[in-house]
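Structure first, then comments.
Both ligands and their constituent atoms are indexed starting at 1 by order of listing. Since this is a predicted model, take the numbers as computed values, not measurements.
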Amino acid sequence: MTLDFSDKDVSDFELEAVISKFKKRFNCHPDFVSIAPGRVNLIGGHVDYNGGLVLPLAVDRHTCVAGAKSDEAGVLVVHSVRENESFVVDLDCPMIAARPNWTNYVRGVVHGFLSRGIELPGLKILIDSTIPSGSGLSSSASLEVATAGILEVASGVTLKGNKKPRLCQQAEHEFANVPCGIMDQFAVTFAQRGCMLLLDCRDESIEHVPFDHDQLALVVINSHVRHELSESEYANRHQRCETVSTELGLESLRDLTWSMLDRSRGQFDELSFLCAEHVLRENERTLKFVQHMKNEDWSQAGEMLYQSHVSLSEKFQVSCAELDELVAGARKLGPEEGVLGARMTGAGFGGSVIVLAEREKASDVVSRVVEDYNRIGVPLSRPRASGFVAKPAGGARVIKFVAD
Ligand code: GLA
């Protein structure tokens, strides 16, 4: 089979690169390549594990996993180009988390297949990625879903509906020890090119909402900062939300109302109360943002992003000085310079911010925000930020080079 490069989400370069690296490593052509995008979340920060409303969008940065069946039954040989490391999985031994940590995203997904009784053949696997790790663009969910794609095609078993993202989320919980929500794996799996994905995390329903990329652009600025406490603070916020909802007798904070919250004043410590308030307001903001986007009211949509950022920073308290500074820098440029709104994206404590910008001025926005931030940063010797204009990409898929 020849490659069909009409697939515009993944550049020829990304696909060609993974194929040629696979050939070089394993001395044969891959049988299949599984591709999964990264994502940004436009709005709905830290509400997915509260049954809330989120609005992610897949971006044109991908994990590419190439695979071929091997003669060695019961063994997976896995190589990561980025890590320049390989490891071997013995399919007949019980799977446990191990070092180095990146292998756990693969181990967890393999375990998910095996524990569902799905038989896997021996495989050679090579992983390549253009998603910067630690950038808040979900490189881990992307790796999980791309790995699941390879295992589906290799085993001949397709995981239908929400089964694949759920299996990947479970891998992250059990093998990477991160109690994440369902947003990232759903976004990576179900995104549609040119669209945002409105996901209701309570009933897992999805609406694809067009992102008007004739007029708008989404800018991603990576702070290249990742603070130590990021994982423990994520688990901490998750726990606080769960405590509030359990004590109020709710299934999740999605069912919280303003009067309930008001009545509960004094019942919880201040941060837990503020977290619950954020979740309640953020769900409202997600819906408002979608409505403003549908009405082409870009400035109101942008205002929702600013409000979301302030709430994540002051109430949920998951931002950091670098992200606040990047958002403030974008805001300072304002509508005259093409900036409509900005907020942090992902788990927080580092990673990236997104800027909703006018299409025409988007490249200038990237350079202005990055240059201003880096100029101030030099005396502080902090990592230099970098940015790009993201294209709303399609979800994960697999390209086969062999007949079934
Ligand atoms: C991380 C998690 C998601 C979500 C976001 C915050 O990306 O993996 O499940 O909770 O943080 O919105």
Per-atom filter on ligand 1: closer than 4.0 angstrom to a heavy atom of Arg39 are 7 (O)

Among all the protein's non-hydrogen atoms, which is closest to atom 8 (O) of ligand 1, and how far away is it?
Asp184 OD2, 2.6 Å

Taking the six-membered ring of Phe186, is the NZ or CZ of Arg166 close enough (under 6.0 Å from the centre) and on axis enough (within 45°)?
no

Is it true that His46 and Tyr234 have ring centroids separated by less than 6.0 Å?
yes

I would like to know whether Glu231 and Phe349 meet side chain to side chain contact (heavy atoms under 4.5 Å, CB included); could you show each step before the answer?
CA-CA 9 Å; Glu231 271 169 27; Phe349 298 104; over 6 Å; no

For ligand 1, which atoms, with element, lie under 4.0 Å from some heavy atom of Gly346?
6 (C), 11 (O)

If we number the atoms of ligand 1 from 1 as shown, the ones under 4.0 Å from a heavy atom of Gly181 are 9 (O)

Distance filter under 4.0 Å to Tyr49 heavy atoms, resulting ligand 1 atoms
10 (O)

I need the nearest protein heavy-atom contact for atom 9 (O) of ligand 1: residue, atom name and distance, please.
Asp48 OD2, 2.5 Å

Ligand 1 atoms in contact with His46 (distance to a heavy atom under 4.0 Å)
6 (C), 12 (O)

Compute whether any side-chain donor of one residue and acceptor of the other, for His62 and Thr130, lie under 3.5 angstrom apart.
no

Assert yes or no for the condition that the ring centre distance of Phe316 to His278 is strictly below 6.0 Å.
yes

Cation over ring, Arg331 on Tyr306, under 6.0 Å and within 45°?
yes

Is Arg82 reaching over with its side chain to a backbone N or O of Ile131, donor-acceptor style, under 3.5 angstrom?
yes

Examine ligand 1 and decide if any of its atoms is less than 4.0 Å from a heavy atom belonging to Gln169.
no

Quick one: which ligand 1 atoms are inside 4.0 Å of a heavy atom on Met183?
4 (C), 5 (C), 12 (O)

What atoms in ligand 1 come closer than 4.0 Å to a heavy atom of Gly45?
12 (O)

Enumerated ligand 1 atoms positioned under 4.0 Å from heavy atoms of Tyr234
1 (C), 2 (C), 3 (C), 4 (C), 9 (O), 10 (O), 11 (O)

Does the structure place the NZ or CZ of Arg382 under 6.0 Å from the centre of the six-membered ring of Tyr373, at an angle of no more than 45° from the ring's axis?
yes

